[in-house]
Asks: 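For reference, the structure I am asking about is given below.
Residue indices begin at 1 and follow the sequence shown.
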Amino acid sequence: MRASFWCALAAQVVFASGLAVCVATVPSYVLGEIEGGVSNYGSDRRTVVPFTVSFGGNAALIGGAAGAVSTMSSYRNLKTLCLSVLAFLLSSVLVSAWVYKRGPRLRTLHFGCGIVLLGFEAAFGLWLAISVRPAWFTWTLWAVVIAADVLCVLALERVYQKLFVGQVMANVAFGVLLLIALA
C-alpha cells in the first residue's frame with residue numbers, strides 16, 4: 001500500500017472518530033425528530049474540540065495524501081490537485097462551521113461551503129470511478145454519493161428532515177471510493 005492510501009485511511013478514521021465523539025456527547029443534534037447536520041457540533045462549546053479534530057485532522061491527512069502522491073504523470077498531478085482541493089474544502093467547512101450561527105451571511109457562506117464540498121466529492125468520485133478502478137462496486141459507491149447529495153439538498157430545502165443521514169452516507173461512500181482509488 002502507498003503512503004497516500006495510509007494518509008487517506010487515517011483521515012477517514014480521524015473524521016469518523018471525532019464525529020462519533022460529537023454524537024455521543026450531544027446526540028440530540030442528529031438523532032432528534034428534526035435533526036440538523038454535523039455542523040451544529042462546530043459551534044457548540046461542548047463539541048467544538050472533537051469537531052475541529054475531526055474536520056481539521058481529516059483535512060490535514062488528506063493534504064498529506066496529496067503530498068504523498070507521486071507526480072510523475074499528468075494523471076497523478078490531477079489526483080494531487082483534487083486531493084489538495086478536497087483538503088481546502090474540508091478546512092473551509094470547518095472554519096465556517098465555527099461561526100455560521102452568528103448571522104445569515106455566515107450561515108449562507110457555510111451552507112455554500114458544504115454544498116461545494118459535496119459537489120466536489122461527487123465530481124471527484126465520478127472521475128475516480130471512471131479512471132481508477134471502473135467496476136460495479138465503484139459505480140455503486142458513486143451512486144450512493146449522488147443519492148446522499150440529493151438527500152442533503154432535500155434537507156436544506158426542508159423537504160426531508162434528516163440532513164445527517166445524507167451527510168454520513170455521502171462521506172462514507174466517498175471515503176471508501178477514495179481508499180479504493182488510492183490502494
Asks: Can you list everything that forms a side chain to side chain contact (heavy atoms under 4.5 Å, CB included) with S84? Sequence neighbours excluded, please.
Replies: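 Result, side chain to side chain contact (heavy atoms under 4.5 Å, CB included) vs S84: A66, T80.
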
Asks: Report the distance from atom CG of L126 to atom CD of E121, rounding to the nearest 0.5 Å.
Replies: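 That separation rounds to 13.5 Å.
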
Asks: Is a side-chain N or O of S54 found less than 3.5 angstrom from the main chain of P50, in a donor-acceptor match?
Replies: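 The answer is no, because no donor-acceptor pair under 3.5 Å joins these two groups.
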
Asks: Can you get from Y29 to L163 by hopping between Ile, Leu, Val, Met, Phe, Trp and Tyr side chains that sit under 4.5 Å apart?
Replies: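 No, no single cluster joins them.
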
Asks: Would you mind reporting whether N171 and V145 have side-chain heavy atoms less than 4.5 Å apart?
Replies: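 Result no, sub-4.5 Å side-chain heavy-atom pair not found.
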
Asks: Closest heavy-atom contact between V93 and F55?
Replies: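 The pair with the smallest heavy-atom distance is CG1-CE2, 3.7 Å.
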
Asks: Can you confirm whether F15 sits close enough to I62 that some side-chain heavy atom of one is under 4.5 Å from a side-chain heavy atom of the other?
Replies: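 No, every pair of side-chain atoms sits at 4.5 Å or beyond.
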
Asks: Starting from W127, can I reach L118 by hopping between I/L/V/M/F/W/Y residues whose side chains sit under 4.5 Å apart?
Replies: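 The answer is no; the residues belong to distinct hydrophobic clusters.
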
Asks: Is there a continuous path of hydrophobic side-chain contacts, each under 4.5 Å between heavy atoms, that joins V95 to L109?
Replies: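 Different hydrophobic clusters.
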
Asks: So, taking the atom named CH2 in W142 and the one named CH2 in W139, what distance separates them when rounded to the nearest 0.5 Å?
Replies: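 Reported value, rounded in 0.5 Å steps: 6.5 Å.
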
Asks: Within the distance-only criterion (no hydrogens, no angle test), does the side chain of T138 pair as donor or acceptor with the backbone N or O of A135 below 3.5 angstrom?
Replies: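 Checking the backbone N and O of A135 against the side chain of T138, a donor-acceptor pair under 3.5 Å is found.
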
Asks: Any chance you could measure S43, atom OG, to L106, atom CG, to the nearest 0.5 Å?
Replies: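 Going from the OG atom of S43 to the CG atom of L106 covers 11.5 Å.
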
Asks: Please determine whether side-chain contact (heavy atoms from CB on, under 4.5 Å) holds for the pair V172 and V144, giving the CA-CA distance in whole Å, both sets of side-chain angles, and the decisive distance to 0.1 Å.
Replies: CA-CA 9 Å; V172 168; V144 170; over 6 Å; no

Asks: For residues G166 and L151, report the shortest heavy-atom separation together with the two atoms involved.
Replies: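 Taking every non-hydrogen atom into account, CA-CB, 4.1 Å.
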
Asks: Let me confirm one number: the CG-CG distance from L141 to L128, rounded to the nearest 0.5 Å.
Replies: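 Between L141 CG and L128 CG, I get 10.5 Å after rounding to 0.5 Å.
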
Asks: Within a radius of less than 6.0 Å around CZ of F111, do more than 12 heavy atoms belonging to other residues, nucleotides or ligands occur?
Replies: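 Counting neighbours around CZ of F111, more than 12 heavy atoms of other residues, nucleotides or ligands fall under 6.0 Å, so yes.
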
Asks: Working to the nearest 0.5 Å, report the span between CG of L83 and CG of L78.
Replies: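 So the CG of L83 and the CG of L78 are separated by 9.5 Å.
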
Asks: Transitively linked via ILVMFWY side-chain contacts under 4.5 Å: L182 with L177?
Replies: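 They do share one cluster, since a chain of ILVMFWY contacts under 4.5 Å joins L182 to L177.
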
Asks: Which heavy atom of A148 sits nearest a heavy atom of M169, and at what distance?
Replies: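 Heavy-atom minimum between the residues: CB-CB, 3.5 Å.
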
Asks: Is the shortest side-chain heavy-atom distance between F137 and V176 below 4.5 Å?
Replies: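 In contact.
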
Asks: Set out, in order, the CA-CA distance, both residues' side-chain angles and the distance that settles side-chain contact (heavy atoms from CB on, under 4.5 Å) for Y41 and T25, then state yes or no.
Replies: CA-CA 10 Å; Y41 295 118; T25 304; over 6 Å; no

Asks: Do V85 and F124 have side-chain heavy atoms sitting under 4.5 Å apart?
Replies: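 The answer is no, as the side chains (C-beta and beyond) never meet within the 4.5 Å cut-off.
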
Asks: If we ignore hydrogens and angles and just use 3.5 Å, is the side chain of Q167 paired with the main-chain N or O of V38 as donor and acceptor?
Replies: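 Judged by distance alone, yes, a pair lies under 3.5 Å.
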
Asks: Taking it one step at a time, do F51 and V21 satisfy side-chain contact (heavy atoms from CB on, under 4.5 Å)?
Replies: CA-CA 8 Å; F51 181 84; V21 170; over 6 Å; no

Asks: Going by heavy atoms in the side chains, are W98 and T52 under 4.5 Å from each other?
Replies: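 With C-beta onward as the side chain, the pair touches.
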
Asks: Are side-chain heavy atoms of N58 and Q12 found at a separation under 4.5 Å?
Replies: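 Touching, per the 4.5 Å side-chain cut-off.
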
Asks: Once rounded to the nearest 0.5 Å, what's the spacing between atom CG of L61 and atom OG of S4?
Replies: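 So the gap between those two atoms works out to 12.5 Å.
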
Asks: Hey, quick one: are W6 and F174 part of the same hydrophobic cluster, counting side-chain heavy atoms closer than 4.5 Å, chains of contacts allowed?
Replies: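 In one cluster: yes.
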
Asks: Side-chain contact test, heavy atoms from C-beta onward, threshold under 4.5 Å: evaluate it for C82 versus F120 and give yes or no.
Replies: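 With C-beta onward as the side chain, the pair touches.
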
Asks: Go through the steps to decide whether L117 and L86 satisfy the test side-chain contact (heavy atoms from CB on, under 4.5 Å), and finish with yes or no.
Replies: CA-CA 7 Å; L117 173 61; L86 179 60; 3.7 Å; yes

Asks: Please report the shortest heavy-atom distance between A65 and A8, naming the atom on each side.
Replies: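 Looks like CB-N, 4.2 Å.
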
Asks: Do Y100 and N40 make a side-chain contact, defined as non-hydrogen atoms from C-beta onward lying under 4.5 Å apart?
Replies: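 The answer is yes, as the side chains (C-beta and beyond) meet within the 4.5 Å cut-off.
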
Asks: On a heavy-atom basis, which atom in L90 and which in A59 lie closest, and how many Å separate them?
Replies: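 Taking every non-hydrogen atom into account, CB-CB, 3.9 Å.
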
Asks: Which heavy atom of A97 sits nearest a heavy atom of H110, and at what distance?
Replies: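 Distance-wise, the nearest heavy atoms are N-ND1, 3.4 Å.
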
